[in-house]
J.: 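Would you mind keeping the following structure in view while I ask a few things?
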Protein chains: 2
Amino acid sequence: MKNSDSSRITIKDIAKALNVSASTVSRVLSNHPAISESTRKLVNDKVKEMGFSIDPIASSFRSKKTKSIGVICPRIDIDFHSKVISGIEDYAYNNGYQITIFQSQDNYKKEKEIASMLETSLAAGLIICPGLQTHKYDHLKKFKKANIPLVVYDRSTDGLKTNKVMINDFEASFKATEHLIKSGCKRIGHISGDQSVSIFKARLQGYSEALIQNGLPIEEKLIKETKNLSYEEGLISANELANTNERIDGLVCANDYTAAAAIKVFKKFNYNIPEEISIIGFSNYPISKIVDPQLSTIDDNAYHMGKVASKLLIQQIEDSDFERLDYQEILIKTELIIRDSTKK
Amino acid sequence: MKNSDSSRITIKDIAKALNVSASTVSRVLSNHPAISESTRKLVNDKVKEMGFSIDPIASSFRSKKTKSIGVICPRIDIDFHSKVISGIEDYAYNNGYQITIFQSQDNYKKEKEIASMLETSLAAGLIICPGLQTHKYDHLKKFKKANIPLVVYDRSTDGLKTNKVMINDFEASFKATEHLIKSGCKRIGHISGDQSVSIFKARLQGYSEALIQNGLPIEEKLIKETKNLSYEEGLISANELANTNERIDGLVCANDYTAAAAIKVFKKFNYNIPEEISIIGFSNYPISKIVDPQLSTIDDNAYHMGKVASKLLIQQIEDSDFERLDYQEILIKTELIIRDSTKK
DNA sequence: TATATTTATGCAAATGTTTGCATAAATATA
DNA sequence: TATATTTATGCAAACATTTGCATAAATATA
């Protein structure tokens with residue numbers, strides 16, 4: 001009765017109780033084919049009876065594999081990231097993986113630090129949204145060398161050839177702009193995000209391309225770049241747009257905060273929304289249903305994006321042919337959500 | 001040159017290179033006192049030179065300790081939880097711990113499943129916000145038995161004596177209500193959450209107590225219970241309140257969504273806010289700064305709550321006197337944020 | 001100087017699981 | 001029936017680190 005005390009039940013205890021070897025028990029547990037049905041049942045029953053469960057640390061130690069996926073994002077408490085992570089976790093959990101989360105705070109040094117830690121700690125894989133200050137990717141390239149699967153989400157990483165899951169920002173923004181054009185808008189402005197960030201650049205391009213393809217001119221003064229797409233910056237930009245001498249009748253915003261700000265400003269300037277100006281946001285934040293009028297916007301499918309990233313990663317972890325594949329880029333479809341801030 | 005290939009550098013490699021024993025290297029790495037300054041330096045230099053880092057799995061395997069904190073919450077993509085987790089992660093990371101996150105989806109069975117997994121996987125500790133369906137706590141009591149530190153956050157757990165970090169909901173709601181009374185409101189309604197959930201019960205009690213202490217009557221028909229405190233439920237409740245024959249001049253809402261809904265409804269009924277009715281929310285969600293007028297509310301300090309929970313847990317993990325303490329309950333202070341939806 | 005104490009280091013075992021190799025038993029083939 | 005093949009199981013080593021115990025070296029005490 002070596003284990004009558006609080007110490008954990010091991011494979012050996014099961015083996016001893018059944019007069020079989022530890023190997024046999026281990027093989028049953030991992031569904032090894034070369035085990036007879038009879039012993040398989042015997043072992044499984046005993047395992048249940050004794051309430052045994054495998055020690056994951058010991059298992060990882062021996063096999064050099066873990067069931068733990070590292071996730072690095074700038075911050076967890078940003079609506080978009082929390083949704084992506086929710087999707088990552090759901091899929092991972094249902095497939096037997098755990099996720100360990102880190103916040104880089106958009107700090108390049110910290111991001112490198114976390115990445116290198118993850119690399120030496122036998123993470124099964126890494127899902128990362130690189131920080132805004134991250135422009136070199138050596139810390140990520142190391143994962144390829146170490147043969148640890150890697151998936152980047154949301155931000156494009158020029159020069160790093162790796163698995164990516166992204167929103168088709170260009171297409172989404174194009175779609176949003178086209179929606180305004182089709183409903184009759186002729187003079188459409190844009191409140192854009194930091195143009196050194198690829199996704200915001202893509203949103204501006206989508207907007208521009210939609211104008212061009214529909215024969216509308218691009219007017220530089222109707223494009224207002226902001227640093228953080230904050231509500232406050234939105235107020236400022238919208239004010240400037242409301243004060244141009246010729247009226248605008250449409251506004252494509254690169255997120256919902258600036259769009260909400262624009263609604264407030266144009267209402268103050270006595271524009272009827274959507275009759276005199278159509279305003280559309282991006283992301284489908286909770287606020288979009290609360291502002292008055294309710295905001296038309298683009299749903300970025302963040303949760304789904306997380307699921308896809310998780311799936312892609314786990315596929316690569318488990319697929320032994322992994323080395324044959326090089327990498328994949330997946331674009332997530334967005335959805336145009338038409339509410340009351342744009343004409344039908 | 002055994003390790004010229006891709007295999008990892010071990011303590012033995014360092015030992016061999018310096019002609020010392022592995023024990024010595026290990027002791028340097030864990031700051032064991034019985035090591036001379038000279039060898040300490042020698043080893044540390046070699047460690048840097050060879051780019052060695054300890055294998056955390058092997059270390060955990062031998063020492064039966066991990067640096068991994070389990071976190072279970074209903075969902076990650078809820079503003080409150082994502083902020084708490086952000087705080088947990090920040091503090092944990094700065095103290096050498098990692099967090100592994102799970103979503104219970106408010107599903108009792110899943111919560112139990114995750115908890116039991118965490119218990120057998122050598123988690124250093126657990127931080128949990130129990131789900132709405134969780135009314136028995138055997139799965140958490142096991143942690144105490146297994147001597148794994150446990151901290152519950154946000155939801156009270158009657159009958160479970162354990163470490164808790166909570167908002168003082170009673171006091172916060174009291175404070176909010178008193179703010180309205182002091183600014184001259186005489187007839188104050190309340191939109192409340194599910195009364196089987198302790199925190200929402202406490203918010204109702206805080207509201208009631210403030211009325212009583214200020215000599216105002218409690219009118220049952222001015223208290224509207226909702227199931228989920230959703231924006232839609234807020235619209236319905238506010239409509240009912242706007243249709244009582246005697247006008248109300250104040251409204252305390254148990255969250256910001258219902259408060260935002262109330263603003264919309266009372267504006268529609270041509271009330272001037274805050275002159276004719278003061279409306280206050282709870283939680284300080286992003287929307288509170290965006291609705292018009294900007295919403296007065298209670299900041300629940302979610303990020304700080306996470307930090308405190310993390311700190312409490314790590315204290316208990318590392319404090320060898322842990323068994324001496326029984327448990328602690330910490331109440332986080334809330335902050336009254338006065339914006340434009342309430343009279344000054 | 002002899003003995004006691006302190007300080008610094010090494011030895012070797014132990015942790016729980018997995019897995020290559022060996023082998024026994026059972027079955028198929030000639 | 002003898003041999004070859006397949007199937008099921010066991011043996012024992014390996015993984016990287018930690019730690020109790022032993023001991024050598026250095027220092028303090030008598």
Side-chain angles (χ1 to χ4, degrees), chain A residues 2-3 5-44 46-47 50-68 96 117 119-122 124 320, chain B residues 2-3 5-44 46-47 50-68 119-122 124 320:
Chain A
K2 208 170 150 203
N3 278 296
D5 55 34
S6 74
S7 72
R8 123 175 255 140
I9 300 165
T10 73
I11 274 189
K12 283 181 190 164
D13 297 324
I14 305 281
K16 204 171 288 172
L18 291 171
N19 254 319
V20 297
S21 74
S23 338
T24 301
V25 177
S26 172
R27 289 190 179 111
V28 170
L29 262 23
S30 59
N31 284 316
H32 189 106
I35 292 285
S36 70
E37 258 324 304
S38 50
T39 46
R40 191 179 295 277
K41 179 160 171 32
L42 224 57
V43 169
N44 280 328
K46 192 53 108 184
V47 161
M50 299 181 70
F52 165 82
S53 62
I54 222 159
D55 180 339
I57 305 271
S59 174
S60 293
F61 174 55
R62 169 61 228 236
S63 68
K64 300 291 157 212
K65 280 175 191 160
T66 67
K67 288 289 198 172
S68 163
M117 204 202 65
E119 196 202 323
T120 57
S121 80
L122 284 182
S320 50
Chain B
K2 208 171 150 202
N3 278 294
D5 54 33
S6 75
S7 73
R8 125 175 252 138
I9 301 164
T10 73
I11 275 188
K12 281 182 190 163
D13 297 324
I14 304 284
K16 202 171 289 171
L18 291 171
N19 254 319
V20 297
S21 73
S23 339
T24 300
V25 178
S26 173
R27 287 189 180 110
V28 170
L29 261 24
S30 59
N31 284 315
H32 189 103
I35 292 284
S36 70
E37 258 324 304
S38 51
T39 47
R40 190 178 296 277
K41 178 157 173 29
L42 224 57
V43 170
N44 280 328
K46 192 52 108 180
V47 160
M50 300 181 67
F52 165 83
S53 63
I54 222 157
D55 179 340
I57 304 270
S59 173
S60 293
F61 175 54
R62 168 63 227 237
S63 67
K64 300 292 155 209
K65 281 176 193 162
T66 67
K67 287 291 199 173
S68 160
E119 195 201 324
T120 59
S121 79
L122 285 182
S320 50

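In what follows, chains carry the letters A, B, and so on, assigned in the order in which the sequence lines appear, proteins first and then strands, with residues in each chain numbered from 1.
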J.: If each of Arg62(B) and Ser21(B) is mapped to the nucleotide of DNA chain C with the nearest heavy atom, which maps nearer the 5' terminus, i.e. the 5' end?
T.: Ser21(B)
J.: Does the side-chain ring of Phe61(A) sit on the six-membered ring of the dC15(D) base, less than 5.5 Å centre to centre and under 30° in tilt?
T.: yes
J.: Grab the CD1-C1' distance between Ile11(A) and dT19(C) for me, whole Å please.
T.: 12 Å
J.: Whole Å only: how far is the CD atom of Glu37(B) from the P atom of dA26(D)?
T.: 18 Å
J.: Look at the side chain of Asn44(B) and the backbone N and O of Lys41(B), then say whether any donor-acceptor pair between them is shorter than 3.5 Å.
T.: no
J.: Rounded to whole Å, please give me the gap between NZ in Lys12(A) and P in dC11(D).
T.: 12 Å
J.: Quick one: stems for DNA chain C, with Watson-Crick or G-U pairs under 3.5 Å, at least three in a row?
T.: C:1-30 with D:1-30
J.: Assign Ser60(A) to base, sugar-phosphate, or nothing according to its heavy-atom contacts below 4.0 angstrom with the strands shown.
T.: nothing
J.: Using whole Å, what does the distance between atom P of nucleotide dT9(C) and atom CG of Leu18(B) come to?
T.: 12 Å
J.: Closer to the 5' end of DNA chain D via nearest nucleotide, is it Ala58(B) or Arg27(B)?
T.: Ala58(B)
J.: Quick check: on DNA chain C, is the nucleotide nearest Ser53(A) upstream (toward 5') of the one nearest His32(B), or the reverse? Name the residue that is more 5'.
T.: His32(B)
J.: Can you find a side chain N or O atom of Ser23(A) that sits less than 4.0 Å from OP1 or OP2 on dT18(C)?
T.: no
J.: Is a donor on one side and an acceptor on the other found under 3.5 Å between the side chain of Ser60(B) and the backbone of Pro56(B)?
T.: yes
J.: Using a heavy-atom cut-off of 4.0 Å across all strands, would you classify Ile57(B) as base, sugar-phosphate, or nothing?
T.: nothing
J.: So, Ser26(B) side chain and Ala22(B) main chain: donor-acceptor pair closer than 3.5 Å or not?
T.: no
J.: Using atom types as modelled and distance alone, determine if a side-chain donor or acceptor of Ser21(A) lies under 3.5 Å from a backbone N or O of Thr24(A).
T.: yes
J.: Would you kindly give the CG-to-P distance between Asn19(B) and dA8(C), to the nearest whole Å?
T.: 20 Å
J.: Distance check: side-chain N/O of Thr24(B) vs OP1/OP2 of dA8(C), anything under 4.0 Å?
T.: no
J.: Contact class for Ser26(B) (heavy atom, under 4.0 Å): base, sugar-phosphate, or nothing?
T.: base
